[in-house]
Student: 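Before we start, here is the structure in question, set down as structure tokens.
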Amino acid sequence: MNTVLDELKWRGLLVESTDEEALAGHLAAGAVTFYVGFDPTAPSIHIGNLVQLMVARILQRAGHKPLILVGGSTGMIGDPKATSERVLNSPDTVAQWVERIRAQVEKYVDFSGDNAARIVNNLDWTGPMSVLDFLREIGKHFPVNRMLAREVVRHRLEEGISYTEFSYVLLQSLDYLELYRSCGCTLQFGGSDQWGNITAGVELIRRVEGARVHAMATPLITKADGSKFGKTESGTIWLDPAMTSPYALHQFFLNAEDEKVVEYLKVFSDRSLEEIAELDRQTREAPQRRAAQKALADDVTALVHGPAERDAAVQAADAIFGRSDLRELPESVLNDVAAEIGGVQLEANGDLPTVVDVLAAGGVVPSKSAARRAITEGGAYVNNQRVTDPEARLAEYDLLHGRYVIVRRGKRTVGAVSIRRS
RNA sequence: GGCAGGUUGCCCGAGUGGCCAAAGGGAGCGGUCUGUAAAAUCGUCGGCUUAGCCUACGUUGGUUCGAAUCCAACACCUGCCA
């Protein structure tokens with residue numbers, strides 16, 4: 001019988017932990033209450049955060065009880081970055097983001113049954129705490145000499161670090177202590193960049209309560225060249241459909257490098273070891289079919305946005321990249337495609353707009369200069385036909401079903417524009 | 001507090017009066033090749049109503065026909081001295 005730690009390991013989700021043997025014994029002994037936190041540093045979580053949510057799901061499936069913490073207090077302070085001091089967000093902004101993130105994380109864990117998940121907000125216990133209590137009860141256990149030795153802090157000593165950010169680790173440690181006391185939480189995990197903050201909490205509980213609690217860390221997911229995963233030309237891949245469309249999310253995973261796709265499948269999909277091995281085999285035999293990439297993209301899109309959005313994303317991709325002539329697509333499919341890839345309207349009074357105008361309106365280029373450049377470089381397409389004249393204007397013939405135009409820059413950046421004539 | 005040096009486009013970095021929308025590199029983007037991969041290679045890389053114009057070399061003001069380049073003040077950074 002495989003243990004939950006074994007699963008985390010073969011999925012490559014466990015890079016660091018406190019005493020592994022003790023942790024394995026603890027997890028085997030019964031339901032463990034564990035926690036993972038998300039700070040509101042943006043209005044949405046992103047695919048990097050999804051790694052933690054996947055771990056939470058695996059633990060919950062194994063019978064353990066999730067506490068998903070949303071950082072209403074820690075988000076007000078800001079975890080120190082190695083590079084520079086953060087700008088504080090206003091309490092209103094943080095409160096709004098907390099609500100949005102709470103709604104998002106709820107989708108990934110189960111709130112029913114014996115090991116039902118719970119959402120907690122650290123502002124609930126940090127907010128009412130007085131400065132004096134904080135300094136006496138928490139601060140007293142943090143030797144500054146040790147805090148100064150931490151890697152992030154060392155990086156920042158040259159550049160400078162405020163007392164505010166310097167104190168962040170105390171807040172996160174306090175969270176673990178609080179959840180240990182109030183919920184019997186004995187396991188915290190997070191990204192490996194959080195390891196210092198996490199172990200500080202373990203240490204605090206040991207000093208204050210004399211108890212031995214546990215911690216794990218997940219790896220930093222990277223691309224084949226070692227660069228950061230989860231960024232594209234248009235920025236971070238968010239889980240909020242208004243910020244990153246389901247189509248864009250699907251495309252992101254569909255374009256995963258061969259070298260990395262199996263690793264991503266293990267992390268971002270619930271598929272079994274056997275299924276993944278089979279997809280791996282298929283991808284090695286016929287890489288051009290991209291069986292693993294398709295499975296990965298489909299799984300993640302369904303998990304994050306639901307099966308209907310997954311199907312819509314697949315359909316939109318088929319329409320755009322498939323062999324069929326766009327002109328032959330039924331209007332209903334075109335409507336769906338436009339909705340899926342985020343279509344926009346463009347008013348046309350009198351003459352039909354120029355290609356430059358529709359490229360810019362469709363959002364596939366950042367400016368009209370860039371649109372002209374794209375045409376000159378041979379990278380601009382209207383309805384999958386390359387356009388070579390920077391002065392070109394749309395003709396009636398270009399309007400699909402009398403109004404739609406599908407614009408594309410390069411191979412993959414597409415937009416739908418619906419022309420409305422007045 | 002004193003002295004010296006610095007602040008250039010997304011990043012690094014050259015440029016000391018006109019030939020500067022600013023060398024070179026990196027990142028990004030496009031073409032080719034492929035599989036809507038990776039690598040390679042060629043091209044591109046402020047904006048606009050695009051043979052022209054506008055904005056931009058820390059900020060503000062000045063000198064000049066003309067300033068990223070000279071002058072003044074201010075802000076910030078680095079080093080040395082106290």
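Note that these values count all heavy atoms, side chains included, but never hydrogens, waters or copies made by symmetry. Order of the sequence lines sets the chain letters (A, B, ...), proteins ahead of strands, with each chain counted from 1. Remember, predicted model here, so these are calculated numbers, not experimental data.
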Student: Check this for me: does any side-chain nitrogen of one of A:K260 and A:E257 sit under 4.0 Å from a carboxylate oxygen of the other?
Tutor: no

Student: Using 4.0 Å as the upper bound for N to carboxylate O, is an ion pair formed by A:K294 and A:D298?
Tutor: no

Student: Could you give the distance separating B:G47 and B:A56 at their C1' atoms, to the nearest angstrom?
Tutor: 10 Å

Student: Expressed as a whole number of Å, how far does the C1' atom of B:G26 sit from that of B:C33?
Tutor: 24 Å

Student: Could you measure between the two P atoms, the one in B:C45 and the one in B:G58, and give it in whole Å?
Tutor: 24 Å

Student: For A:E275, is there an ion pair with A:R281 - N to carboxylate O distance below 4.0 angstrom?
Tutor: no

Student: Which part of the nucleic acid, if any, lies within reach of A:R386 when heavy atoms closer than 4.0 Å are counted: base, sugar-phosphate only, or nothing?
Tutor: sugar-phosphate

Student: Tell me whether A:E99 is salt-bridged to A:R102, with the criterion being a basic N under 4.0 Å from an acidic carboxylate O.
Tutor: yes

Student: Determine the Euclidean distance between corresponding P atoms of B:C10 and B:C57; express it in Å to zero decimal places.
Tutor: 12 Å

Student: So which nucleotide does B:G18 pair with, by the Watson-Crick or G-U wobble rule with both distances under 3.5 Å?
Tutor: B:C65

Student: Between A:R412 (CZ) and B:C29 (P), how many Å, whole number?
Tutor: 8 Å

Student: Rounded to whole Å, please give me the gap between CZ in A:R408 and P in B:G30.
Tutor: 11 Å

Student: Below 4.0 angstrom from OP1 or OP2 of B:U36, is there any side-chain N or O of A:Y247?
Tutor: no

Student: Name the nucleic acid region contacted by A:A380, choosing base, sugar-phosphate or nothing; use a 4.0 angstrom heavy-atom cut-off, strictly under.
Tutor: nothing

Student: How do A:Y381 and A:Q288 order along RNA chain B: which one's closest nucleotide is nearer the 5' end?
Tutor: A:Y381

Student: What integer number of Å spans the C1' atoms of B:C19 and B:A67?
Tutor: 15 Å

Student: Any salt bridge linking A:R373 with A:E377? Criterion: basic side-chain nitrogen under 4.0 Å from a carboxylate oxygen.
Tutor: no

Student: Please determine if a side-chain N or O atom of A:K411 lies less than 4.0 Å away from the OP1 or OP2 oxygen of B:A37.
Tutor: yes

Student: I want to check a possible cation-pi pair here: A:R118 against A:Y35, using under 6.0 Å from ring centre and within 45° of the ring axis as the test.
Tutor: no

Student: Rounded to whole angstrom, note down the P distance from B:G79 over to B:A22.
Tutor: 35 Å

Student: Under a 3.5 Å limit for both distances, which nucleotide forms a Watson-Crick or G-U wobble pair with B:C80, could you say?
Tutor: B:G2

Student: Whole angstroms only, please: what is the CD-C1' distance between A:Q293 and B:A38?
Tutor: 11 Å

Student: Please give, in whole Å, the distance from B:U36 P to A:D298 CG?
Tutor: 16 Å

Student: Would you mind telling me which residue lines up with the more 5' stretch of RNA chain B, A:G379 or A:P287, judged by nearest nucleotide?
Tutor: A:G379

Student: Between A:R408 and A:Y381, is NZ or CZ placed under 6.0 angstrom from the six-membered ring centre and within 45° of the ring axis?
Tutor: yes

Student: Considering residues at least two apart in sequence or located in another chain, which fulfil the side chain to side chain donor-acceptor pair (under 3.5 Å) criterion with A:R420?
Tutor: A:Q345, A:E347

Student: How far does the C1' atom of B:G17 sit from the matching atom of B:C12, given to the nearest Å?
Tutor: 27 Å

Student: I need the single residue from A:V304, A:I45, A:I221, A:V55 that forms a side chain to side chain contact (heavy atoms under 4.5 Å, CB included) with A:L50. Which is it?
Tutor: A:V304

Student: With A:I68 as reference, evaluate A:N121, A:V105, A:V120 under the side chain to side chain contact (heavy atoms under 4.5 Å, CB included) test and give the passing residue.
Tutor: A:V105

Student: Using whole Å, report how far CD of A:Q282 lies from P of B:G35.
Tutor: 18 Å

Student: Using 30° and 60° as the class boundaries, would you call the ring planes of A:H214 and A:H26 parallel, tilted or perpendicular?
Tutor: parallel

Student: Who is the Watson-Crick or G-U wobble partner of B:A72, with both distances under 3.5 Å?
Tutor: B:U60

Student: Hunt down the Watson-Crick or G-U wobble partner of B:U44, both distances under 3.5 Å, from any strand shown, or write none.
Tutor: B:G28

Student: In whole angstrom, give me the gap between the P atoms of B:A37 and B:U32.
Tutor: 11 Å

Student: From B:G35, B:G30, B:A38, pick the nucleotide closest to the side chain of A:E257?
Tutor: B:A38

Student: Could you give the CD-to-P distance, from A:Q251 to B:G35, as a whole number of Å?
Tutor: 17 Å

Student: For nucleotides 44-51 of chain B, just jot down a letter per nucleotide in 5' to 3' order: B, S or -, based on protein non-hydrogen atoms under 4.0 Å.
Tutor: SS-SBSB-

Student: Just how far, in rounded Å, is C1' of B:U36 from CZ of A:R409?
Tutor: 14 Å

Student: Once you apply the 3.5 Å cut-off to both distances, tell me the Watson-Crick or G-U wobble partner of B:G9, or none.
Tutor: none

Student: Find every protein N or O atom lying less than 3.5 Å from an N or O atom of nucleotides 20-24 of chain B, and list the pairs.
Tutor:
none

